[in-house]
Amino acid sequence: MSGFYSGKEGELLIDNTKVAKVRSWSFSMNQAVLETVSLEDTDRTIIHGTRSYTGSASIYYYQAAVGVNSGQLSTLINNIIKTGSSAGDGKNAESTAMTFKLRIKDGSTTGRFIEFQAIPTSFDITSAVGEVTAANISFEVNGAPTGLLL
């Protein structure tokens with residue numbers, strides 16, 4: 001497909017399964033720098049430091065038919081939100097890291113994508129009269145991306 005891509009071509013996959021209808025997603029890279037100066041230097045010099053990656057997605061909560069889970073949003077939610085123990089002692093399972101793939105459908109079988117291991121850092125879901133129920137997720141990447149075709 002030639003031309004520009006729009007938000008309607010965006011997809012979010014978790015563990016290689018499409019999660020839900022995606023309203024939008026974003027991915028950011030930050031590069032720290034380290035100074036390499038000594039006392040007699042008059043100009044600042046730098047080298048590459050540590051990179052970090054973060055991102056977010058806004059997704060729609062939907063089902064194609066009654067009783068049919070078209071996406072895997074419930075799997076995503078269950079990996080993030082853990083119920084407490086019946087003892088009320090605050091001991092419950094940790095959230096689990098997941099393999100995220102942010103993809104742009106381009107007419108090919110793989111699409112254009114970036115894939116990485118990430119830990120969710122925030123999640124909210126909103127249901128309002130006259131609106132489609134939507135969820136927002138933010139995440140931080142653990143290590144370097146494991147796949148890239150952009």
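What you see below is based on every heavy atom in this structure, not just the backbone, and it leaves out hydrogens, waters and symmetry mates.
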Trainee: For a 4.5 angstrom cut-off between non-hydrogen side-chain atoms, does Lys8 reach Val22?
Mentor: no
Trainee: List for me each residue that meets salt bridge (charged side-chain N to carboxylate O under 4.0 Å, His left out) alongside Glu115, sequence neighbours excluded, and say none if there are none.
Mentor: none
Trainee: For Glu140, check salt bridge (charged side-chain N to carboxylate O under 4.0 Å, His left out) against everything at least two apart and list the hits.
Mentor: none
Trainee: Under the ring-ring contact (aromatic ring centres under 6.0 Å, His included) definition, can you give me all pairs with a residue in residues 118-137, not counting sequence neighbours?
Mentor: none
Trainee: When clusters are formed from ILVMFWY side-chain contacts under 4.5 Å, directly or step by step, what else is grouped with Ile119?
Mentor: none
Trainee: State, to 0.1 Å, how close Thr121 and Phe139 come at their nearest heavy-atom pair, and which atoms those are.
Mentor: OG1-N, 3.6 Å
Trainee: Please name the pair of heavy atoms, one in Arg23 and one in Tyr60, separated by the smallest distance, quoted to 0.1 Å.
Mentor: CD-OH, 3.2 Å
Trainee: With sequence neighbours left out, what residues match Asp43 under side chain to side chain contact (heavy atoms under 4.5 Å, CB included)?
Mentor: none
Trainee: Classify the ring geometry between Phe27 and Phe116 as parallel (under 30°), tilted (30 to 60°) or perpendicular (over 60°).
Mentor: tilted
Trainee: Measuring only between side-chain heavy atoms, which start at C-beta, is Arg103 closer than 4.5 Å to Leu13?
Mentor: yes
Trainee: With sequence neighbours excluded, give me every side-chain hydrogen bond (donor to acceptor under 3.5 Å, both in side chains) pair touching residues 122-132.
Mentor: Ser122-Ser138, Asp124-Asn136, Ser127-Thr133
Trainee: What I'd like to find out is whether the side chain of Phe100 reaches to under 4.5 Å of the side chain of Thr146, using heavy atoms alone.
Mentor: no
Trainee: Each residue besides Val129 in its hydrophobic cluster should be listed here, by chain and number; the cluster joins Ile, Leu, Val, Met, Phe, Trp and Tyr at side-chain heavy-atom distances under 4.5 Å.
Mentor: none
Trainee: Would you call Glu9 and Lys105 a salt bridge, taking side-chain N to carboxylate O under 4.0 Å as the test?
Mentor: no
Trainee: Could you give the distance from CG (Asp15) to CD (Gln117), rounded to the nearest 0.5 Å?
Mentor: 7.5 Å
Trainee: Return the CH2 to CD distance between Trp25 and Glu11, rounded to the nearest 0.5 Å.
Mentor: 10.5 Å
Trainee: Rounded to the nearest 0.5 Å, how far apart are CD1 of Ile77 and CD1 of Ile137?
Mentor: 9.5 Å
Trainee: Is there a side-chain contact between Asn16 and Thr99, using heavy atoms and a 4.5 Å cut-off?
Mentor: no
Trainee: Rest of the hydrophobic cluster containing Leu39 (Ile/Leu/Val/Met/Phe/Trp/Tyr, side-chain heavy atoms under 4.5 Å)?
Mentor: none
Trainee: Going from CG on Leu149 to OG on Ser108, what distance comes out if it is rounded to the nearest 0.5 angstrom?
Mentor: 7.0 Å
Trainee: How would you list, by chain and number, every residue that makes a side-chain hydrogen bond (donor to acceptor under 3.5 Å, both in side chains) with Thr42, sequence neighbours excluded?
Mentor: none
Trainee: How long is the straight-line distance from CD1 of Ile14 back to CD1 of Ile59, given to the nearest 0.5 Å?
Mentor: 7.5 Å
Trainee: With sequence neighbours left out, what residues match Thr109 under side chain to side chain contact (heavy atoms under 4.5 Å, CB included)?
Mentor: none
Trainee: List the residues meeting side-chain hydrogen bond (donor to acceptor under 3.5 Å, both in side chains) with Gln31, not counting sequence neighbours, and say none if there are none.
Mentor: none
Trainee: A side-chain contact here means heavy atoms from C-beta on lying under 4.5 Å apart; do Thr36 and Asp41 qualify?
Mentor: no
Trainee: Determine whether Val141 and Met29 fall in the same hydrophobic cluster, where Ile, Leu, Val, Met, Phe, Trp and Tyr are linked whenever their side-chain heavy atoms lie under 4.5 Å apart.
Mentor: yes
Trainee: Between side-chain atoms of residues 46-57 and protein atoms elsewhere (two or more places apart, or another chain), which donor-acceptor pairs fall under 3.5 Å?
Mentor:
| from | atom 1 | to | atom 2 | distance (Å) |
| --- | --- | --- | --- | --- |
| Arg51 | NE | Tyr53 | OH | 3.1 |
| Ser56 | OG | Ser26 | OG | 3.0 |

